[in-house]
*Asks:* 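Sharing a structure, written as structure tokens. Questions coming.
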There are 2 protein chains.
Amino acid sequence: MSLRHAILVLLQDQEASGYDLAREFANSIGLVWNATHQQIYLELGKLNEQHMVSFRHVPQEGKPDKKLYSITEDGRQELIRWLKKPAGPARIRDAFMVKVAGGQLADSGALLGELEQLSKQRRERLATFEALAQRLDEQGREENLYSYLTVRRGILDQRAWLQWAEEVRQALEHASVGLPTS
Amino acid sequence: MSLRHAILVLLQDQEASGYDLAREFANSIGLVWNATHQQIYLELGKLNEQHMVSFRHVPQEGKPDKKLYSITEDGRQELIRWLKKPAGPARIRDAFMVKVAGGQLADSGALLGELEQLSKQRRERLATFEALAQRLDEQGREENLYSYLTVRRGILDQRAWLQWAEEVRQALEHASVGLPTS
DNA sequence: GCGCGCTGCGCAATCCGTTGTATAAGCACT
DNA sequence: AGTGCTTATACAACGGATTGCGCAGCGCGC
């Protein structure tokens, strides 16, 4: 259970609403830990009850009011405590990979189409991360060291995936030559 | 929910016991989809009720009896149906990455130690995958195409991680020069 | 004028997944 | 003789995660 810790890490830099956090989970941190808005709102509620975060109401015009959360001293202590003990093993659930593994039964054309679509998403993400890395570098890499390293992980991950996708594309195009396209 | 589909993919090649599957989930497929033995036994039970797998009792001496499961025609149909529809997004839970992102509060020394340990595991995995890839290649890459591509994904993933780890190591060693080790 | 998408919050039900416990036999080490 | 690992299966309890639903107003395009 370290969704709470991921939230605390994000709140360390700046106060944020549940909605803000949900967006960050969909982008940057999403590469490493994902969560939906329902999960985040629930966890923020629990963290508040346990005095690890506090919030202030911010009325807005044209938009719904929001709650801006910030980390408390208790929250910071909990984060430090958690950082000290070894992290649990990384877990993944990649349905597309399962499909590739079972590819004999699949339609190569459909698989290639899906691969193209995912590649497009990965290329976009790569561009975003590269821009972000450059920005952090210009601002001073030392001050943003941990953010910079996290983004680097994202970049290397996207590149590795895209390289693999290229291998798959070539292999499947070869394999589907002369086969029915259906 | 595609633990069931991962199981069906594995059973496509050969019949296996719950224990066999658990081992495969801990190794090869574990890179892509992980599951514990309890989860697997439970899912096998459900798959059996829904006539997607069948099993035969195999009495053993010196060891407990086992149930060897194989995929049925219904199971194969379900797999094909699932392969046709687009895969859900990949999900990850990497607690160590969360720790790096929140690294300002952490002890660099401890983080470096954990990094070393994880690197060792990754290097071992890389060696296993490289050996497996070579074996598949010698047996004929065409016949084992989908297994080969899955293993390639594993190799590229480990290499990318190790490259990143090297960057982190250098950055943290720089950063911790002159700082208190506590 | 109508639908769609974005911003923003939240509840409820159900399903998935983890953790703990249990049984049972052989083998290796101390 | 005791401890712990491996093979092999399984139940029960709890907590985490997904899915479905609901409210609410603004802006954009057709």
Side-chain angles (χ1 to χ4, degrees), chain A residues 1-8 15-27 29-30 32-50 53 55-69 82 85 87-95 98, chain B residues 1-7 15-27 29-30 32-50 53-69 82 85 87-95 98:
Chain A
M1 202 256 297
S2 50
L3 167 60
R4 59 189 315 117
H5 303 109
I7 290 174
L8 292 174
E15 57 177 2
S17 67
Y19 193 80
D20 292 335
L21 292 172
R23 250 185 298 124
E24 291 193 69
F25 271 98
N27 299 321
I29 308 295
V32 150
W33 199 280
N34 37 20
T36 59
H37 64 111
Q38 292 91 337
Q39 237 180 111
I40 291 164
Y41 287 126
L42 200 72
E43 198 63 43
L44 281 171
K46 284 185 198 165
L47 283 167
N48 185 50
E49 274 174 31
Q50 293 163 34
V53 299
F55 68 90
R56 59 193 181 91
H57 273 283
V58 178
Q60 295 187 121
E61 287 187 26
K63 294 174 185 181
D65 296 355
K66 60 177 166 181
K67 294 178 180 177
L68 278 182
Y69 289 87
W82 178 75
K85 56 172 209 179
R91 284 163 293 169
I92 20 154
R93 300 287 153 101
D94 192 334
V98 176
Chain B
M1 205 254 298
S2 50
L3 167 60
R4 57 190 316 116
H5 302 110
I7 290 174
E15 59 177 1
S17 67
Y19 194 81
D20 293 335
L21 292 172
R23 250 185 298 123
E24 291 193 68
F25 270 98
N27 300 323
I29 308 293
V32 151
W33 199 281
N34 38 20
T36 59
H37 61 111
Q38 293 89 337
Q39 239 179 112
I40 292 164
Y41 286 125
L42 199 71
E43 198 63 42
L44 281 171
K46 284 185 199 166
L47 283 167
N48 185 49
E49 274 174 32
Q50 291 162 163
V53 299
S54 60
F55 68 89
R56 58 192 182 94
H57 273 283
V58 178
Q60 296 188 121
E61 288 186 24
K63 293 174 184 180
D65 295 356
K66 59 178 168 181
K67 295 179 181 175
L68 278 182
Y69 289 87
W82 178 75
K85 57 172 209 178
R91 283 165 293 169
I92 19 155
R93 299 288 152 100
D94 192 336
V98 175

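Note that these values count all heavy atoms, side chains included, but never hydrogens, waters or copies made by symmetry. Chain A is the first sequence line, chain B the second, and so forth, proteins listed ahead of strands; every chain is numbered from 1.
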*Asks:* To the nearest Å, how far apart are A/Leu44 CG and D/dA17 C1'?
*Replies:*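 To the nearest whole Å, that distance equals 16 Å.
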*Asks:* Let me know the distance between CZ of A/Phe55 and C1' of C/dG8, rounded to the nearest Å.
*Replies:* 14 Å
*Asks:* D/dC5 P sits how many Å from B/Tyr19 OH, rounded?
*Replies:*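 Spelled out: OH on B/Tyr19 to P on D/dC5 is 12 Å.
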*Asks:* Does B/Gln60 place a side-chain N or O at less than 4.0 Å from the phosphate oxygens OP1/OP2 of D/dA8?
*Replies:*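 Checking D/dA8 against B/Gln60, a side-chain N or O does come within under 4.0 Å of OP1 or OP2.
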*Asks:* Is A/Lys46 near enough to D/dG16 that one of its side-chain N or O atoms lies under 4.0 angstrom from OP1 or OP2?
*Replies:* yes
*Asks:* Which whole-number value in Å describes the distance from A/Leu68 CG to C/dC9 P?
*Replies:*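 These atoms are roughly 8 Å apart.
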*Asks:* Regarding A/Arg4, tell me which of base, sugar-phosphate or nothing describes its non-hydrogen contacts under 4.0 Å with the strands shown.
*Replies:*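 Here A/Arg4 touches no strand at all.
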*Asks:* For A/Gly18 and A/Leu44, which heavy atoms make the closest approach, and how far apart are they?
*Replies:*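 Minimum heavy-atom separation between A/Gly18 and A/Leu44: CA-CD1, 3.7 Å.
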*Asks:* Roughly, in whole Å, what's the span from CG in A/Asp65 to C1' in C/dC6?
*Replies:* 16 Å
*Asks:* What is the distance from CZ of B/Arg91 to P of D/dA17, rounded to the nearest Å?
*Replies:* 11 Å
*Asks:* Under 3.5 Å, which protein N or O atoms sit close to an N or O of nucleotides 10-12 of chain C? Give each pair with its distance.
*Replies:*
unit_1 : atom_1 : unit_2  : atom_2 : d
C/dG10 : OP1    : A/Lys67 : NZ     : 2.2

*Asks:* About how many Å separate NE2 of B/His5 and CG of B/Leu47, when rounded to the nearest 0.5 Å?
*Replies:*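 Here the rounded value is 8.5 Å.
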*Asks:* Could you label the plane-to-plane angle of the B/Phe55 and B/Tyr69 rings as parallel, tilted or perpendicular, counting under 30° as parallel and over 60° as perpendicular?
*Replies:*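 Rings of B/Phe55 and B/Tyr69: tilted, 30 to 60°.
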*Asks:* DNA chain D: B/Arg93 or B/Lys66, which has the more 5' nearest nucleotide?
*Replies:* B/Lys66
*Asks:* What is the minimum heavy-atom distance between B/Phe25 and B/Ala6, and which atoms define it?
*Replies:*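 Looking at all heavy atoms of both residues, the closest pair is CZ-CB, 3.8 Å.
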*Asks:* Could you tell me how far apart B/Gln39 (CD) and D/dG16 (P) are, to the nearest whole angstrom?
*Replies:* 16 Å
*Asks:* Report each atom pair, protein N/O against N/O of nucleotides 27-29 of chain D, whose distance is under 3.5 angstrom.
*Replies:*
none

*Asks:* Would you compute the distance between atom NE2 of B/His57 and atom CG of B/Asp65 and round it to the nearest 0.5 angstrom?
*Replies:*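 Answer for the NE2-CG pair, B/His57 versus B/Asp65, is 8.0 Å.
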*Asks:* Which residue, A/Asn34 or B/Arg23, contacts DNA chain D at a nucleotide closer to its 5' end, judged by nearest heavy atom?
*Replies:*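 Closer to the 5' end of DNA chain D: B/Arg23.
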*Asks:* Please report, rounded to the nearest Å, how far the C1' atom of C/dC6 is from the NZ atom of A/Lys63.
*Replies:*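 It works out to 9 Å between those atoms.
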*Asks:* Once rounded to the nearest 0.5 Å, what's the spacing between atom CZ of A/Arg93 and atom CG of B/Asn34?
*Replies:* 5.0 Å
*Asks:* Measure the shortest side-chain to side-chain distance between B/Val98 and B/Asp94 over non-hydrogen atoms and say whether it is less than 4.5 angstrom.
*Replies:*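 No, every pair of side-chain atoms sits at 4.5 Å or beyond.
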*Asks:* Counting only N and O atoms by type, is there a donor-acceptor contact under 3.5 Å from the side chain of A/Asp20 to the main-chain atoms of A/Ser17?
*Replies:* yes
*Asks:* With side chains defined as the heavy atoms from C-beta onward, is the minimum distance between B/Lys67 and B/Arg56 less than 4.5 Å?
*Replies:* no
